[in-house]
Amino acid sequence: MGADRIAVVTSAVGAEHDEDLPLLVEALRADGCAAEAVNWDADSVRWDRYDLAVIRSTWDYVDRLGEFLAWADATARVTRLRNPAPVVRWNSDKHYLRRLAERGVPVVPTRWLEPGRTCTEADVDAAGGVVVKPVVSLGARDTARYEPDRRADAVRHARMLLDQGRAVMIQPYLHRVEEGERALAFSAGTFSHAIRKQPLLNEPGVIDNDRTPHPGAARYKPTETEIRTALRALAAVPVPDPLLFARVDLALDGAGDPVVMELELIEPHLFLRHDPQALERFVAAVGTECRRDRLDQGRKPTGRNRNH
């Protein structure tokens, strides 16, 4: 049996800026895999050539969401895609936070405005100010926070998004986020490592789509409560098996309790350089996934079943 053929899936912008990409490809090759970085939208790629396609830095997908979701569905029909296509679709729209809350997961309180309705100052009334963002976004794009005396500006922001046919989230601004956002990374459902970073929305009233992502990211030891909160969020994801990778972004509420800001299951930056064992853990998880695939094939005498 030859080496496992693995596509580490990226994009033009990911190939340029993903600092973990060359590390991961090299580590997978050192582990005996035939790994290569492949743009998700590259012409004439035979995805059925690969035993596994691992989504990593497809960081342009929000601009072409329909095309990207169609690619995920089509690719999952011919190879094992991780994370799975249904999870990609579920996680691409931040309405998933509502599903987590329904399952009892502590999340940032959110008001949802759907296209077809308007926004009023009552919708953006919060003592500490609010954050306005679209439900489909990446890297805080088209997102801003507003002080309590700037409610009219927050309303205009929300209405702009609604007029574009985009659903909107309005959340209270959690001022303890200034103590740092926590990002907890998981490999194969097991906690791997964490970082703490400075908040992105550090200038009220400004929509800045060129912000430097993950400012001040540094290695962080999460509390047991933070790990438990992240695990509760992952347990609420509608998937039968542990996810190959995940990142759970947390902040502290006014009482100092962790709440889920985002659940990153498509293409999160995993900060593999920030922990000495992080890359090793991720490669081991990929190896386990490949072995599971071979076992699944062995149970199917009529040939390969790619619809996992």
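Heavy-atom basis, side chains included; hydrogens, waters and symmetry copies ignored. It should be emphasised that the depicted structure is a prediction, and the values quoted were computed from it without experimental measurement.
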Check the angle between the aromatic planes of Y61 and F68 and answer parallel, tilted or perpendicular using the 30° and 60° thresholds.
tilted
Contact between M169 and L97 at the side-chain level, heavy atoms closer than 4.5 Å - yes or no?
yes
Might you work through the side-chain contact (heavy atoms from CB on, under 4.5 Å) test for T10 and R56, ending with a clear yes or no?
CA-CA 6 Å; T10 184; R56 289 309 315 121; 5.7 Å; no
Is it true that S192 and R281 share a donor-acceptor pair across their side chains at a distance under 3.5 Å?
yes
Backbone N or O of Q277 within a donor-acceptor pair of the D275 side chain at under 3.5 Å?
yes
Any side-chain to backbone donor/acceptor pair from N91 onto L265? Under 3.5 Å, distance only.
yes
Should C119 and V168 be marked as a side-chain contact (heavy atoms from CB on, under 4.5 Å) after you check the CA-CA gap, both sets of side-chain angles, and the distance that decides it?
CA-CA 10 Å; C119 177; V168 175; over 6 Å; no
Result for side-chain contact (heavy atoms from CB on, under 4.5 Å) between D142 and one of K133, M160, R166 points to R166
Yes or no on side-chain contact (heavy atoms from CB on, under 4.5 Å) for H269 and E264, after CA distance, side-chain angles and deciding distance?
CA-CA 9 Å; H269 192 325; E264 298 275 5; over 6 Å; no
Would you please classify the geometry between the W90 ring and the Y96 ring as parallel, tilted or perpendicular, with 30° and 60° separating the classes?
tilted
Give, for atom CG of L138 and atom CG of L65, the distance between the pair rounded to the nearest 0.5 Å.
11.0 Å
pair T79-D48: side-chain heavy atoms closer than 4.5 Å
no
Taking the six-membered ring for Trp, are F282 and F245 parallel (under 30°), tilted (30 to 60°) or perpendicular (over 60°)?
tilted
Just checking, any donor-acceptor pair under 3.5 angstrom between side chains of S57 and E267?
no
Would you check if the side chain of R182 reaches a backbone N or O of L250 as a donor-acceptor pair within less than 3.5 Å?
no
Min side-chain heavy-atom separation E226-L252 under 4.5 Å:
yes
Does a side chain donor of either R228 or T225 reach within less than 3.5 Å of an acceptor in the other side chain?
yes
Would you indicate whether the side-chain heavy atoms of R29 and E26 approach each other to under 4.5 Å?
no
Heavy atoms, side chains only, cut-off 4.5 Å: are V248 and L263 in contact?
yes
Chi angles and distances behind the side-chain contact (heavy atoms from CB on, under 4.5 Å) call for T118, L162
CA-CA 7 Å; T118 190; L162 291 167; 5.5 Å; no
For the residue pair W40 and D60, confirm or rule out a side-chain donor-acceptor distance under 3.5 Å.
yes
Has D93 got a side-chain atom pairing as donor or acceptor with V136's backbone, closer than 3.5 angstrom?
no
Can you classify the ring geometry of H175 versus Y173 as parallel (below 30°), tilted (30 to 60°) or perpendicular (above 60°)?
perpendicular
A72 and A85: which non-hydrogen atoms are nearest, and at how many Å?
O-CB, 3.7 Å
Presence of salt bridge, R176 and E179, under 4.0 angstrom:
yes
Candidate pair D4 and R80, rule salt bridge (Lys or Arg N to Asp or Glu O under 4.0 Å), full reasoning:
CA-CA 12 Å; D4 292 307; R80 183 184 286 261; over 6 Å; no
Is it the case that the side chain of D253 and the backbone of A255 share a donor-acceptor pair, with hydrogens and angles ignored and the cut-off at 3.5 Å?
yes
Test item: R211 side-chain N/O and D208 main-chain N/O as donor-acceptor pair under 3.5 Å
yes
